[in-house]
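Since the model is a prediction, treat every value here as computed from it, not as a measurement.
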Amino acid sequence: MSRILQSYSIWLLVLVVVLTMHLWFPEMRAGPLNDTYSVEVSGRKAIYQLSEQMFTLVKRNRQPFNRLATSVGESGALALLGPARYPTKKEWEALLAWVNGGGRLLIAARLDATEPLEIPGLDCKVTGVTPRSASTPQPKATKIETVLGGKNIEWWVGGKIEAPANTDVLVRADTAPEVVRLRHGMGQIIVVASDYVFSNNSLYRKNDNGVLAYRLLSLIAVDDVLSFDEHLNAIAAPTIEGLLLDEVLRPITLQLMVLLVVFAWWGNRRFGAALPIAVPPRRDIADHTNALGNLYYKRHNAAGAVKMYLEQLRGELKISTGKREEADIDAFARRIGQPVVDVRRMFLEAEDGANNDLLHRHDAARIIRQLAELRRLAREKASHGSMKVAKIS
């Protein structure tokens with residue numbers, strides 16, 4: 001009983017752990033955890049929750065950029081905050097076409113980028129990006145100038161923005177432009193040289209970074225509607241494990257895991273003593289004979305059983321085939337004291353049955369019993385003969 005309770009306790013613990021994952025799931029992704037779901041220092045969950053409080057409608061965009069008109073709106077607002085990868089040429093074409101029609105875009109270059117951020121056709125790019133490690137941290141700006149307000153701002157320098165001379169500069173760090181605004185058709189684009197200001201680490205500190213981040217997003221969210229892009233983050237590493245553990249599919253994956261645990265638990269339940277082995281081991285020739293008979297029965301091979309028995313009997317009685325067969329059978333019949341006609345009939349019937357693929361099992365059993373009777377008589381005759389020899393000697 002104690003073993004059963006211990007087994008139940010283990011399965012119950014596993015089930016509780018899986019159910020708890022609905023509320024908290026460990027980060028298992030590789031690379032920078034910089035999406036709006038992540039609570040890591042580089043994540044964006046804090047700015048997403050802040051935006052939910054400050055704007056009327058905040059959502060995530062997971063659709064390709066050629067569908068922004070329906071997923072975000074023709075004059076909607078989209079924020080790309082240090083995406084896992086930068087847009088491709090075709091994706092930029094879709095983005096710029098959407099902005100030209102009235103869309104508003106904010107894109108922040110990654111602080112740890114290994115490549116420059118360049119907007120094709122607008123003569124604007126973020127250059128001078130240098131990958132940093134823990135031993136060589138990003139440089140911190142000493143002097144911040146901004147028209148958006150905020151005095152105590154902590155700005156970590158990523159790259160440097162190169163843009164046309166008449167571009168609106170919204171933030172300068174050490175006299176270099178770090179945030180600019182571009183006009184494109186009926187829309188606008190806000191380019192940020194460093195995504196640090198939007199990170200959880202930045203908003204956690206006691207400074208005005210949260211004020212600056214909110215006001216940057218307010219420049220595009222003029223209708224109090226804002227979308228954070230997760231499309232580039234989702235397709236950056238399209239592995240099977242990544243898809244199953246994605247924020248959208250994760251609840252379904254966890255539900256399947258719960259069903260799997262319950263099914264395994266149910267399959268491991270046992271009541272009472274262990275059942276005996278269904279097929280006991282064979283211990284003698286009778287078990288082997290029964291197994292062989294069952295095999296012939298399942299294969300519907302009654303003729304095969306008769307053939308094997310007849311061949312074994314011929315070898316034991318030394319009855320050959322061919323021209324000497326009749327003579328050997330006659331001699332055997334006289335030796336056991338049986339009519340020759342009856343013994344010939346039994347052997348002939350056995351040969352016909354062995355060659356008949358449609359032989360019924362009842363007929364096969366009758367033939368084998370007749371041959372077994374001949375074998376018994378032969379063995380009795382042989383034993384009597386040996387006893388007489390022993391008496392004479």
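- A side-chain donor-acceptor contact under 3.5 Å links S51 to the backbone of I47.
- Residues N100 and M186 are not in side-chain contact: their nearest non-hydrogen atoms beyond the backbone lie 4.5 Å or more apart.
- Within a 6.0 Å sphere centred on CD of E316, other residues, nucleotides and ligands contribute more than 12 heavy atoms.
- The distance from atom CD1 of I220 to atom CG of L216, rounded to the nearest 0.5 Å, is 9.0 Å.
- Under the 4.5 Å side-chain contact rule for hydrophobic residues, V225 and I190 do not share a cluster.
- The two residues F198 and A108 come nearest to each other via the heavy atoms CE1-CB, 4.1 Å.
- Taking all atoms of both residues into account, the shortest heavy-atom contact from E91 to Y86 is OE1-O, 4.3 Å.
- Side-chain atoms of R181 do not come within 3.5 Å of backbone N or O of I189 as any donor-acceptor pair.
- Between R345 and E349 there is a salt bridge, with a side-chain nitrogen of the basic residue lying less than 4.0 Å from a carboxylate oxygen of the acidic one.
- Between the D208 side chain and the V211 main chain, no donor and acceptor come within less than 3.5 Å of each other.
- To the nearest 0.5 Å, atom OG of residue S75 and atom CZ of residue R104 are 5.5 Å apart.
- Side-chain atoms of N233 come within 3.5 Å of backbone N or O of A84 as a donor-acceptor pair.
- Interatomic distance, I153 CD1 to S202 OG, rounded to the nearest 0.5 Å: 9.5 Å.
- The side-chain heavy atoms of V157 and K140, taken from C-beta on, include no pair separated by under 4.5 Å.
- There is a path of hydrophobic side-chain contacts, each under 4.5 Å, that joins L371 to L317.
- Counting only distance, with no hydrogens or angles, the side chain of D174 and the backbone of A176 share no donor-acceptor pair below 3.5 Å.
- Taking hydrophobic clusters as Ile, Leu, Val, Met, Phe, Trp and Tyr residues chained together by side-chain heavy-atom distances below 4.5 Å, V99 shares a cluster with L122.
- Without hydrogens or angle criteria, N66 side chain to A94 main chain gives no donor-acceptor distance under 3.5 Å.
- A 4.5 Å side-chain heavy-atom check between H231 and D229 finds at least one atom pair inside the cut-off.
- Inter-residue side-chain proximity for N61 and L68 is flagged as met; some heavy-atom pair is nearer than 4.5 Å.
- Side-chain atoms of T167 do not come within 3.5 Å of backbone N or O of A163 as any donor-acceptor pair.
- Closest approach of S71 and K59 over heavy atoms only: O-NZ, 3.0 Å.
- The pair E40-K45 does not meet the salt-bridge criterion, since no charged nitrogen lies less than 4.0 angstrom from a carboxylate oxygen.
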**OP:** May I have the step-by-step check of side chain to side chain donor-acceptor pair (under 3.5 Å) for D328 and S320, ending in yes or no?
**Re:** CA-CA 7 Å; D328 291 344; S320 60; 2.7 Å; yes
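- Other residues, nucleotides and ligands place more than 12 heavy atoms under 6.0 Å from the CE atom of M346.
- Cluster membership check: V58 shares its hydrophobic cluster with M54, using side-chain heavy-atom separations under 4.5 Å among Ile, Leu, Val, Met, Phe, Trp and Tyr.
- Distance CG/N152 to CZ/R205: 11.0 Å, rounded to 0.5 Å.
- Linking Ile, Leu, Val, Met, Phe, Trp and Tyr whenever their side-chain heavy atoms come within less than 4.5 Å puts W155 and V147 in one cluster.
- Residue R67 places its CZ atom among 12 or fewer non-hydrogen atoms of other residues, nucleotides or ligands, all under 6.0 Å distant.
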**OP:** Begin from the C-alpha positions of F55 and Y214 and carry the test ring pair (Phe, Tyr, Trp, His ring centres under 6.0 Å) through to its verdict.
**Re:** CA-CA 10 Å; F55 300 113; Y214 163 70; 5.5 Å; yes
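- Looking at heavy atoms from C-beta onward, V340 lies out of side-chain contact with I329 at the 4.5 angstrom threshold.
- Contact between L226 and A221 at its shortest, heavy atoms only, is CB-CB, 4.2 Å.
- Using a 4.5 Å heavy-atom threshold, the side chains of V197 and W156 count as separate.
- A cation-pi geometry, defined here as NZ or CZ lying under 6.0 Å from the six-membered ring centre and within 45° of its normal, holds between R60 and Y48.
- A salt bridge is absent between E178 and R172: the closest approach of a Lys/Arg side-chain nitrogen to an acidic carboxylate oxygen does not fall below 4.0 angstrom.
- Contact detail for G159 and V126: the closest heavy-atom pair is CA-CG1, 3.9 Å.
- Looking only at distances, no side-chain donor or acceptor of D195 sits under 3.5 Å from a matching main-chain atom of L80.
- Using a distance-only test at 3.5 Å, with no hydrogens or angles considered, no donor-acceptor pair links the side chain of N201 to the main chain of S42.
- Under the rule for a side chain to side chain donor-acceptor pair (under 3.5 Å), D168 has no partner lying at least two apart in sequence or in another chain.
- Atom-to-atom distance recorded for L57:CG and S227:OG is 7.0 Å, nearest 0.5 angstrom.
- A salt bridge does not link D330 with R324: every distance from a Lys NZ or Arg NE/NH1/NH2 to an Asp or Glu carboxylate oxygen is 4.0 Å or more.
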**OP:** For the pair E373 and R369, evaluate salt bridge (Lys or Arg N to Asp or Glu O under 4.0 Å) and give the outcome as yes or no after the intermediate values.
**Re:** CA-CA 6 Å; E373 180 64 19; R369 282 196 296 269; over 6 Å; no
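- Summarising the geometry of A173 relative to I144, their closest heavy-atom pair is CB-CD1, 3.9 Å, with the distance given to 0.1 Å.
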Subject >> Candidate pair R376 and E380, rule salt bridge (Lys or Arg N to Asp or Glu O under 4.0 Å), full reasoning >> reply: CA-CA 6 Å; R376 184 187 65 80; E380 288 182 354; 2.5 Å; yes
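- Taking CG of L78 as the start and CG of L95 as the end, the distance is 7.0 Å to the nearest 0.5 Å.
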